[in-house]
Amino acid sequence: MSSTNQTARMGSLLRHVTFKTAALGFTSLFIAAIIFMYYPSEKLDQRASLSKISAKNQDTAEDLVKGAKAVVEGQAETTQVCKRIDLEANMNWDELKSEAMNNVKLVQKKGFLEEIDNAVIYYREVLPATEPKGTLLFLHGMRFKSLTWQDLGTLNYMACHGYRAVAVDLPGYGESKKADVSSATFMTNLMKTLNMKQAVIISPSMSGSFSIPFLKVQPEVFKGFVPVAPVGTNKLTNEEYGAIEVPTLIVYGEKDESIGLESLKALKNLKNNEIVQLKEAGHAAYMDKPLEFHHHLLTFCDKLYA
C-alpha cells in the first residue's frame with residue numbers, strides 16, 4: 001500500500017515539474033521573441049542616431065576646416081597685392097617691406113643654378129601668385145650680393161606687384177664661384193639658364209662691368225635697363241650708346257659725386273632714357289632712399305609691361 005502511494009506521488013511530482021518546465025520554456029521563448037522583435041529596431045534607431053551625430057560632427061568639422069581655409073585665403077587675398085607708393089603721402093618703407101615680406105601668396109626659391117661656364121651660381125627668386133607680367137633680374141655692387149635685395153624687401157615687393165623677381169650672386173661674390181669667361185658671355189648663359197628671353201636688368205655699381213658689355217652685344221634681351229651709378233660706362237662710346245634703343249631708367253644719388261655723375265654723363269647718351277636723382281642719397285641710392293627708388297622702379301616697369 002505504501003509502495004503504491006509512493007509511486008503515485010512521484011508521478012504527480014514529475015507531471016508538475018514537467019508542466020512548470022514547459023511553462024518556463026514557453027515564457028522564455030515568449031520573452032526572447034519580444035526581445036528579438038524589440039532590440040533590432042532599437043539598435044537600428046541607435047545606429048541611425050549615431051550616424052546622424054557622426055554626420056553632424058563631420059559637417060561641423062568640414063565647416064570648421066572650410067571656415068579656417070576661407071579665413072586664411074581671405075587674409076592671403078588681402079595681401080596678394082602690396083600698396084603702391086605715393087611719394088606725397090606719409091608712407092614708410094619698413095611698413096611696405098613688412099607687408100611684402102609677409103605676403104603668403106608669393107612663391108620663394110633659392111639655391112644653386114646648373115653650372116654656368118664652369119661656375120656655380122647662387123640665386124634667389126620670388127614669384128607672384130599669378131602668371132608674372134614681367135621679369136626682373138637684379139645684379140649687385142661689390143660690397144653686396146643677392147641677399148641685399150632680399151633683405152631690402154625688393155624681391156617680395158616687386159613680386160607682389162606681379163613680377164618675377166630674381167637676384168643672383170655674380171661670379172666670385174656671395175655664394176657663387178668665379179667664372180673664367182667674359183662678362184657678356186656669362187650674362188647670356190645666365191639668362192638662358194634662368195629661362196629669361198627678356199628682362200628688366202637692374203644694375204648698381206660694380207655690376208656695370210657685367211651689364212654694360214652685355215647691353216652692347218645683346219640689347220634685344222633687355223626689356224628695360226635700370227643702371228644705378230654703374231661702373232664701366234666708359235667701355236662704350238657716345239655713338240654706341242646713341243644707337244641703343246633700350247628703355248632706360250638712370251638712377252643716381254644726389255651725394256654720389258664720383259661714379260654717379262661719371263656714369264650719368266655716358267648713360268644720358270642712350271636714346272630712350274629717363275633720369276632720376278634721389279635726394280640726400282649716396283652711391284647705394286636704392287638703400288639710402290628705398291621708398292623713392294621702389295616707386296620709380298615699379299612705375300618704370302609697369303610702363304614697359306603695360
Side-chain angles (χ1 to χ4, degrees), residues 80-82 84-85 93 96-97 100-101 103 105-111 113 121-141 144-170 174 186-208 210-212 214-215 218-230 246-251 272-274 276 284-287 290-306:
Q80 184 176 358
V81 178
C82 298
R84 292 192 69 89
I85 297 171
W93 173 249
L96 294 173
K97 171 185 170 181
M101 297 296 279
N103 189 321
K105 285 283 189 176
L106 304 182
V107 178
Q108 305 196 39
K109 302 177 182 179
K110 61 181 179 179
L113 296 170
I121 302 300
Y122 194 81
Y123 81 106
R124 300 172 193 273
E125 179 174 5
V126 184
L127 293 160
T130 56
E131 186 71 20
K133 60 184 178 182
T135 301
L136 315 180
L137 176 59
F138 291 87
L139 308 181
H140 61 83
F144 305 108
K145 50 188 176 180
S146 63
L147 183 62
T148 303
W149 294 113
Q150 177 182 300
D151 289 347
L152 187 59
T154 306
L155 301 182
N156 284 57
Y157 182 77
M158 296 306 292
C160 71
H161 282 286
Y163 293 97
R164 177 193 178 195
V166 181
V168 299
D169 289 349
L170 290 167
F186 168 77
M187 289 297 296
T188 299
N189 294 336
L190 173 65
M191 291 192 69
K192 287 180 180 177
T193 302
L194 290 170
N195 194 28
M196 293 181 177
K197 294 182 179 179
Q198 270 196 325
V200 175
I201 298 180
I202 297 87
S203 177
S205 195
M206 178 278 299
S207 67
F210 288 85
S211 63
I212 299 297
F214 190 43
L215 180 67
Q218 281 197 284
E220 68 276 4
V221 302
F222 284 74
K223 179 70 174 180
F225 185 37
V226 184
V228 186
V246 174
T248 303
L249 176 68
I250 302 169
V251 179
N272 186 8
N273 77 74
E274 175 185 348
V276 170
Y286 52 97
M287 297 188 72
L291 190 73
E292 292 82 354
F293 172 76
H294 289 91
H295 163 74
H296 292 295
L297 176 62
L298 180 59
T299 301
F300 177 70
C301 292
D302 283 350
K303 287 179 183 177
L304 294 178
Y305 287 103

Open item on the list: Would you compute the distance between atom NZ of Lys110 and atom CD of Gln150 and round it to the nearest 0.5 angstrom?
Closed with: 6.0 Å
Task: Qualifying residues under side chain to side chain contact (heavy atoms under 4.5 Å, CB included), relative to Ser207, sequence neighbours excluded - done: Leu139, Leu170, Ser203, Pro204
Task: side chain to side chain contact (heavy atoms under 4.5 Å, CB included) partners for Glu125, two or more places apart - done: Lys109, Tyr123, Leu127, Arg164, Val166
TODO: Please examine the side chains of His296 and Val251, heavy atoms only from C-beta on, and report whether any two atoms are closer than 4.5 Å.
DONE: no
Task: Asp169: side-chain hydrogen bond (donor to acceptor under 3.5 Å, both in side chains) partners, not counting sequence neighbours - done: Ser146
- [ ] Please list, chain by chain and in numerical order, all residues satisfying side-chain hydrogen bond (donor to acceptor under 3.5 Å, both in side chains) with Thr148, sequence neighbours excluded.
- [x] none
Task: Tyr122: ring-ring contact (aromatic ring centres under 6.0 Å, His included) partners, not counting sequence neighbours - done: Phe112
Task: Main-chain N/O of Leu152 paired with Tyr286 side-chain donor or acceptor, under 3.5 Å - done: no
- [ ] Would you check, one step at a time, whether the test side chain to side chain contact (heavy atoms under 4.5 Å, CB included) holds for Phe214 with Ile201?
- [x] CA-CA 11 Å; Phe214 190 43; Ile201 298 180; 4.0 Å; yes
TODO: Report yes if some heavy atom in the side chain of Ile85 is under 4.5 Å from a heavy atom in the side chain of Leu96; otherwise report no.
DONE: yes
Task: ring-ring contact (aromatic ring centres under 6.0 Å, His included) against Tyr157, all qualifying residues, sequence neighbours excluded - done: Trp93, His161, His294
- [ ] Evaluate the side-chain proximity of Thr188 to Val221: yes if any heavy-atom separation is below 4.5 Å, no if none is.
- [x] no
Task: side chain to side chain contact (heavy atoms under 4.5 Å, CB included) involving Val246 - partner list, sequence neighbours excluded - done: Leu215, Pro219, Phe222, Phe225, Ile244, Thr248
- [ ] Mind checking the CZ-CG spacing from Arg124 to Asn156? Nearest 0.5 Å is all I need.
- [x] 11.5 Å
Open item on the list: What's the separation between atom CG in Leu190 and atom CG in Leu137, rounded to the nearest 0.5 Å?
Closed with: 6.0 Å
Open item on the list: Measuring from atom CG of Leu155 to atom CH2 of Trp149, what distance do you get when rounded to the nearest 0.5 angstrom?
Closed with: 8.5 Å
Task: Considering all heavy atoms, the nearest Ala100-Leu106 contact - done: O-CD1, 3.8 Å
Task: Distance (rounded to the nearest 0.5 Å) between Ile121 CD1 and Leu113 CG - done: 7.5 Å
Task: Pairs meeting criterion salt bridge (charged side-chain N to carboxylate O under 4.0 Å, His left out) with involvement of residues 296-306, two or more places apart - done: Arg84-Asp302, Lys133-Asp302
Distance-only criterion, 3.5 Å: show the donor-acceptor pairs between side-chain atoms of residues 193-200 and protein atoms not counting sequence neighbours.
residue, atom, partner, partner atom, Å
Thr193, OG1, Asn189, O, 2.8
Gln198, NE2, Glu220, O, 3.0

Task: Nearest non-hydrogen partners of Lys223 and Pro247, listed with the distance - done: O-CD, 3.7 Å
Open item on the list: Working to the nearest 0.5 angstrom, can you tell me the gap between Cys82 SG and Lys97 NZ?
Closed with: 13.0 Å
TODO: Check side chain to side chain contact (heavy atoms under 4.5 Å, CB included) between Pro128 and all other residues, then give those that pass, not counting sequence neighbours.
DONE: Pro132
